[in-house]
Amino acid sequence: MYKAFLIKYAEIGLKGKNRHVFENILRDQVQYHLDKLGNFEVSREQGRIFVSCPDEYDYDETIEELQKVFGVAGICPVVVVDSTDWDTITEEALKYVDEFYQDKNFTFKVEAKRADKRYPITSPEMCRKLGESILYRFMDAGIKVDVHDPKVRIWVEVRNKSYIYSHIIPGPGGMPVGSGGKGMLLLSGGIDSPVAGYMIAKRGVAIEATYFHAPPYTSDRAKQKVVDLAKIISAYTGPIRLNIVNFTDIQLYIYEQCPHEQLTIIMRRYMMRIAEKLAKDSKCLGLITGESIGQVASQTMQSLVATNAVCTLPVYRPLIAFDKQDIVTISEKIKTYETSILPYEDCCTIFVAKHPVTHPVLSVIEQSETHLEERIEELVKEALDTVEVVQVG
Ligand code: ATP
Ligand code: MG
């Protein structure tokens, strides 16, 4: 049983002077995730994130949790040798190969590193010596050296202690959440928006969310579904503050006052306006939606011009060039799909026109909105004043 993990990170390694800031955020994120499971100590040492596991723990569950931490490129279960003595390291490495590779019919190469150049054996010498020791001990069992394309690379790092590992389990990649500010996700009960939130969070952005519901046209079950989706993605993004906006009166008013084929676009514009207000109040630096060019009438490039025109914050649309099937594949991977396809009504579909405009003209839409002048401000204020906040994750 491994008592420690070495965490490899990818892009943080490209950072310059502020690299330690990113490393600290990643360390905190790893600690936050593992705290859900038990007693783990996470530290940052010499440019690495190191997890030690003093107590009994569930290996599979731990790996699964680490695979949800953005910024983690690889997870290496590692044997820690409390010594830098070469003979001790050799013994431990032989024991490691013996125990962790039942079937020894594979090719290998030793990769060794010393942190301190004063260590008496150079890295190439360490590779050669340990390679020979392993080969001689296990060659009858089938092990062979291949320095060009080995099946297994056995890493040995000599620092203030020594570390042996050979197994790198892929992490999700990306940047640690919290390293990139905060964004406001427009979260519906559909397939796309949870995936969009996941993708932006993967770039290090913390997520807040807004959901528009229209009771009694949309049910409590539809609302609960959105809370459930927020909960599922919070396993990756960390805690999410979910704003639930009652959109009924605004929708009814638009329905009364505006041409029906423009309903969806005008509704979307009000959603964006309200989400942006909430975003600014919470110091979010952008809006996030699950839109994808051409997926539906309200997502043609012309429609996106009309929707986008009301926003001053940048709108991030990570799925903009994705086919539906590609989005579905991600939603299955992140486990939102089963919840997203539950058949509860959505406020957009209830008030949808039979023939929505697919090529709206911004000036025409703006003209239609003048029919809302009498009451819309008051209704938007009412919607903002009655936001219900649910803390998820
Ligand atoms: P999704 O699968 O994410 O619901 P969709 O394909 O149904 O997307 P639309 O209904 O046009 O597409 O919505 C486009 C985007 O607008 C969504 O991805 C989401 O970001 C936002 N959105 C739509 N409806 C709502 C809602 N009721 N509450 C919050 N955001 C919404
Ligand atoms: Mg939808």
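Sequential numbering from 1 along the given sequence is applied to the chain's residues. Just follow the structure's listing: the first ligand is 1, and inside any ligand the first atom is 1. Note that these values count all heavy atoms, side chains included, but never hydrogens, waters or copies made by symmetry.
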_Looking only at distances, can you tell me whether any N or O atom of Met271, backbone or side chain, sits closer than 3.5 Å to an N or O atom of ligand 1?_
no

*asked:* Please report whether ligand 1 has a polar contact with Phe212, defined as an N or O pair separated by less than 3.5 Å (distance criterion only).
replied: yes

*Look at the rings of Phe100 and Tyr2 and say which category their plane angle falls in: under 30° parallel, 30 to 60° tilted, over 60° perpendicular.*
parallel

*Which atoms of ligand 1 have any heavy atom of Gly190 under 4.0 Å away?*
1 (P), 2 (O), 4 (O)

*asked:* Is it the case that ligand 1 has an N or O less than 3.5 angstrom from some N or O of Tyr211?
replied: no

*Any nitrogen or oxygen of Ile191, main chain or side chain, under 3.5 Å from a nitrogen or oxygen of ligand 1?*
yes

*How close do Thr300 and Thr358 get, heavy atom to heavy atom, and via which atoms?*
OG1-O, 2.7 Å

*Taking N or O atoms only and a 3.5 Å limit, does Thr289 qualify as a polar contact for ligand 1?*
no

*asked:* On a heavy-atom basis, which atom in Leu186 and which in Ser193 lie closest, and how many Å separate them?
replied: O-CB, 3.2 Å

_Distance under 4.0 Å to a non-hydrogen atom of Leu187: what atoms of ligand 1 satisfy this?_
28 (N), 29 (C), 30 (N)

*Nitrogen or oxygen atoms of Gly189 and ligand 1 under 3.5 Å apart*: no

*Find all atoms of ligand 1 within a distance of less than 4.0 Å from any non-hydrogen atom belonging to Gly290, and give their numbers and elements.*
17 (C), 18 (O), 20 (O)

_His213 ring center within less than 6.0 Å of Phe247 ring center_ = no

*Report the relative orientation of the aromatic rings in Phe108 and Phe106; use parallel for angles under 30°, tilted for 30 to 60°, perpendicular for over 60°.*
perpendicular

*Does Arg268 come within less than 4.0 Å of ligand 1, judged by its heavy atoms?*
yes

*Where ligand 1 meets Ser298 - atom numbers and elements under 4.0 angstrom, heavy-atom basis*: 11 (O)

_Ring geometry between Tyr198 and Phe70 (parallel below 30°, tilted from 30 to 60°, perpendicular above 60°)_ = perpendicular

*From CG (Asp323) to OG1 (Thr329), nearest 0.5 Å*: 10.0 Å

*Proximal atoms of ligand 1 relative to Thr210 (non-hydrogen, under 4.0 Å)*: 29 (C)

*Of the backbone atoms (N, CA, C, O) and the side-chain heavy atoms from C-beta on, which set of His213 has a member under 4.0 Å from an atom of ligand 1: side chain, backbone, both, or neither?*
neither

*Distance-minimising heavy-atom pair for Thr307 and Arg269*: CA-CG, 4.0 Å

*Any sub-3.5 Å donor-acceptor pair from Ser303's side-chain atoms to Ala297's backbone N or O?*
yes

